[in-house]
**Student:** 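Handing you this structure, nothing more for now.
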Amino acid sequence: MKVFNTMTRKKEEFIPLKKGQVSMYVCGPTVYNFFHIGNARTFVVFDTVRRYFEYRGYKVKFVQNFTDIDDKMIKRANEENITVKQLGDTFIKEYYKDADDLNIERATVNPRATEYIDQIIEFVSDLIDGGYAYDVDGDVYFSTKKFKEYGKLSGQNLDELQLGARIDVDSRKKDPMDFAIWKKQKEGEPAWKSPWGMGRPGWHIECSCMAYNLLGETIDIHAGGADLAFPHHENEIAQSEARSGKKFANYWMHSAFINVNNQKMSKSLNNFFTAREILEKYDADVLRLFMLSGHYRTQINFSMELLDSTKSALDRLYNAITNLESLLSKAVVNDLLECEKEYVKSLDEYKKKYIEKMDDDFNTADAISVIFDLVKDINTNVNINSSKELMQYCLNLIRELGSPLGILQKTKKGNIEDEIKELIDKREQARKNKDWALSDKIRDELKEQGIILEDTPNGVRWKKM
Ligand code: AMP
Ligand code: ZN
């Protein structure tokens, strides 16, 4: 398998630290609000990466944190007149609800920053002892100049970074690029006792600390959204490697944004949709298929129209599944026919191609095209005269290729007749709207499933071919 490593800017062969195992840390949400579909892309992408590793036989230890203490948390809790802990509890619960609805597998561990305060204090102390950090009247800063390789993930040295960065002017720092790893308590803020007085951890330190405690000094993959590469991941590297003297992560993966009108979807621009709003209107499969239809390192644009066309595309895949299920209930031949053997072999070519695409840095876009090609082939070649074994094989194969993407696993509860009626109603509606293209498309879709429509004075009737 090949993975694009942000650190080297190259696709590299994936070689795990321990044979057959993957240790993976993904930066998770700050739990002060519902997550939007931009955040969701990051979660879905790395859920897919994890599922695919599992599909390829790896055992994955997957850690994704909850940032439950920072400025945004404190501000929101004050506005709501609740404690930061209550706010965190609430939105962690909401996170699970939406993530479950999005068919995101639960992480092996979801550590909360506030549950690691003792370990964070230990980490900060080690950095001070090692000469990498300094305490100024209760605030502790990491000294970027002390870590000689600072900037290696961004591919820039300290001077270049300094020119490009927006740096908060703080006269107490020795260098403008130094960053806080422990913050002194301000009035009304939650705080913990530490050797430097009452305070709370900075943001970057929590990930270094939890990755170390849960996965070890060196991990296979560290991942997050593209905006985290600098400064968050750069700072994590500095802290972790300064402390251990070892490489922090072998592979750095970053997923690109979802944009709206070519601007990043974000809370501050107020151009976002929460995952929950979208999931009220669209199935999780639609949203996942939409997100995975682009390569994870390519930005994608969001619009409702795009979701609608993704839904139609997904319907094509599910129609094939329903069709196979219905054929299975009617087929007369059980065992694979002699003449089908070659065909089964030809279907395996799709699986090979799919694996080739996914092995190539998780190219879900091309892998999805392979699934569409497979379904087209099955629609043309499998019919009521085929054997049950072949039908079942096809059904299993479609589901198998959908599973690393977290799609195509649903069985329609209703029977096939209900589905046909639903399509006929949809066609009637299209005809009323004079949308002849859609009405013809539905007729053709039904024909593919072996259903013929007859327009009679008493309405539409259907029969099997
Ligand atoms: P936050 O809750 O802001 O800390 O973000 C959680 C995760 O979502 C991080 O990994 C971000 O990089 C990612 N993220 C934020 N906005 C977007 C976006 N528009 N598209 C994709 N990922 C995003
Ligand atoms: Zn992080």
Side-chain angles (χ1 to χ4, degrees), residues 1-27 41-42 45-53 56 58 60-64 132 142 144-165 177 179 204 207-208 211-212 215-257 292 294-300 355-367:
M1 284 175 69
K2 287 213 157 54
V3 175
F4 183 89
N5 189 351
T6 312
M7 183 67 85
T8 57
R9 284 155 202 83
K10 277 194 209 98
K11 273 188 208 168
E12 294 172 14
E13 190 59 38
F14 178 73
I15 304 165
L17 287 160
K18 283 196 200 131
K19 198 167 175 279
Q21 294 184 27
V22 182
S23 55
M24 197 169 166
Y25 186 99
V26 180
C27 294
R41 184 187 191 190
T42 301
V45 159
F46 294 113
D47 176 57
T48 303
V49 167
R50 176 227 193 139
R51 284 166 176 266
Y52 188 67
F53 272 121
R56 297 290 270 130
Y58 287 94
V60 183
K61 193 159 179 201
F62 188 96
V63 177
Q64 184 181 289
Y132 287 103
F142 185 92
T144 43
K145 280 219 166 86
K146 290 273 168 61
F147 183 67
K148 293 289 167 258
E149 293 174 70
Y150 192 85
K152 65 179 172 179
L153 184 65
S154 336
Q156 287 182 295
N157 63 33
L158 260 177
D159 294 336
E160 288 163 336
L161 284 170
Q162 198 166 326
L163 278 176
M177 290 303 284
F179 56 91
H204 315 297
C207 289
S208 281
Y212 164 66
L215 298 170
E217 283 178 331
T218 303
I219 64 178
D220 288 305
I221 298 174
H222 196 312
D227 53 338
L228 299 187
F230 185 82
H232 184 53
H233 289 160
E234 197 75 69
N235 291 351
E236 280 191 44
I237 292 171
Q239 298 160 155
S240 294
E241 299 193 358
R243 179 176 189 250
S244 70
K246 293 184 186 132
K247 195 172 176 186
F248 180 29
N250 281 335
Y251 303 88
W252 287 87
M253 293 181 73
H254 292 100
S255 62
F257 296 144
L292 298 172
H295 188 272
Y296 78 89
R297 286 188 286 113
T298 312
Q299 299 195 358
I300 49 175
I355 289 177
E356 219 173 82
K357 298 296 179 191
M358 289 295 282
D359 273 2
D360 182 15
D361 191 31
F362 310 93
N363 191 342
T364 53
D366 284 2

**Student:** Might you work through the side-chain hydrogen bond (donor to acceptor under 3.5 Å, both in side chains) test for Asn157 and Tyr150, ending with a clear yes or no?
**Tutor:** CA-CA 7 Å; Asn157 63 33; Tyr150 192 85; over 6 Å; no
**Student:** Please check: side-chain N/O of Ser244 versus main-chain N/O of Lys246, any donor-acceptor pairing under 3.5 Å?
**Tutor:** yes
**Student:** Please walk me through it: do Asp366 and Asn363 pass side-chain hydrogen bond (donor to acceptor under 3.5 Å, both in side chains)?
**Tutor:** CA-CA 6 Å; Asp366 284 2; Asn363 191 342; 3.2 Å; yes
**Student:** Please report the closest heavy-atom contact between Gly155 and Glu160, naming both atoms and the distance.
**Tutor:** O-OE1, 4.4 Å
**Student:** Checking Phe4 now: which residues fulfil ring-ring contact (aromatic ring centres under 6.0 Å, His included) with it, not counting sequence neighbours?
**Tutor:** none
**Student:** In Å and rounded to the nearest 0.5 Å, what is the CG to NE2 distance from Asn235 to His232?
**Tutor:** 8.5 Å
**Student:** Ser255 versus Arg297: any side-chain heavy-atom pair under 4.5 Å?
**Tutor:** no
**Student:** With side-chain contact (heavy atoms from CB on, under 4.5 Å) as the test, would you mind laying out the steps for Asp359 and Lys2 before giving the verdict?
**Tutor:** CA-CA 6 Å; Asp359 273 2; Lys2 287 213 157 54; over 6 Å; no
**Student:** Tell me the closest heavy-atom pair linking Ser208 and Phe248, and the distance in Å.
**Tutor:** CA-CZ, 4.3 Å
**Student:** What I'd like to find out is whether the side chain of Tyr58 reaches to under 4.5 Å of the side chain of Met1, using heavy atoms alone.
**Tutor:** yes
**Student:** Mind checking side chain to side chain donor-acceptor pair (under 3.5 Å) for Glu241 and listing every partner two or more places apart, or none if nothing turns up?
**Tutor:** Lys152
**Student:** Under 3.5 Å, is there a donor-acceptor pair between the side chain of Thr218 and the main chain of Ala249?
**Tutor:** no
**Student:** Minimum heavy-atom separation for Thr364 and Leu292, please, with both atom names.
**Tutor:** OG1-O, 2.7 Å
**Student:** So, do Val22 and Lys61 sit near enough that their side-chain heavy atoms are less than 4.5 Å apart?
**Tutor:** no
**Student:** Any side-chain heavy atom of Gln239 within less than 4.5 Å of one from Phe179?
**Tutor:** yes
**Student:** In Å and rounded to the nearest 0.5 Å, what is the CD to CZ distance from Glu234 to Phe147?
**Tutor:** 8.5 Å
**Student:** Could you report the tightest heavy-atom contact between Ser23 and Leu215, atom names first, then the distance?
**Tutor:** CB-CD2, 4.0 Å
**Student:** Enter the distance from Leu158:CG to Thr144:OG1 here, rounded to the nearest 0.5 Å.
**Tutor:** 4.5 Å
**Student:** Which heavy atom of Gly294 sits nearest a heavy atom of Arg41, and at what distance?
**Tutor:** O-NH2, 4.2 Å
**Student:** Strictly by modelled atom types, are His254 and His233 linked by a side-chain donor-acceptor pair under 3.5 Å?
**Tutor:** yes
**Student:** With rounding to the nearest 0.5 angstrom, report the CD to CG distance, Glu217 to Leu17.
**Tutor:** 11.5 Å
**Student:** Pair Val26, Met24 - check side-chain contact (heavy atoms from CB on, under 4.5 Å), show working.
**Tutor:** CA-CA 7 Å; Val26 180; Met24 197 169 166; 4.2 Å; yes
**Student:** Mind checking whether Ile237 and Met7 have side chains closer than 4.5 Å, heavy atoms only?
**Tutor:** yes
**Student:** Less than 4.5 Å apart, side chain to side chain, heavy atoms only: is that true for Ile300 and Phe257?
**Tutor:** no
**Student:** Do Arg243 and Tyr212 come within less than 4.5 Å of each other through their side chains, counting heavy atoms only?
**Tutor:** yes
**Student:** Would you give the length of the straight line joining atom CG of Leu228 to atom CH2 of Trp252, rounded to the nearest 0.5 angstrom?
**Tutor:** 10.0 Å
**Student:** Just how far is it from atom NE2 of His222 to atom SG of Cys207, taken to the nearest 0.5 Å?
**Tutor:** 5.5 Å
**Student:** Can you tell if the side chain of Pro16 reaches within under 4.5 Å of the side chain of Gln21, non-hydrogen atoms only?
**Tutor:** no
**Student:** Can you check side-chain contact (heavy atoms from CB on, under 4.5 Å) on Met358 and Arg56, steps first, answer last?
**Tutor:** CA-CA 10 Å; Met358 289 295 282; Arg56 297 290 270 130; over 6 Å; no
**Student:** Could you go through the side-chain contact (heavy atoms from CB on, under 4.5 Å) check for Phe53 and Phe362 one step at a time?
**Tutor:** CA-CA 10 Å; Phe53 272 121; Phe362 310 93; 3.8 Å; yes
**Student:** If you measure from the Lys or Arg side-chain nitrogens to the Asp or Glu carboxylate oxygens, is any gap between Asp220 and Lys18 under 4.0 Å?
**Tutor:** no
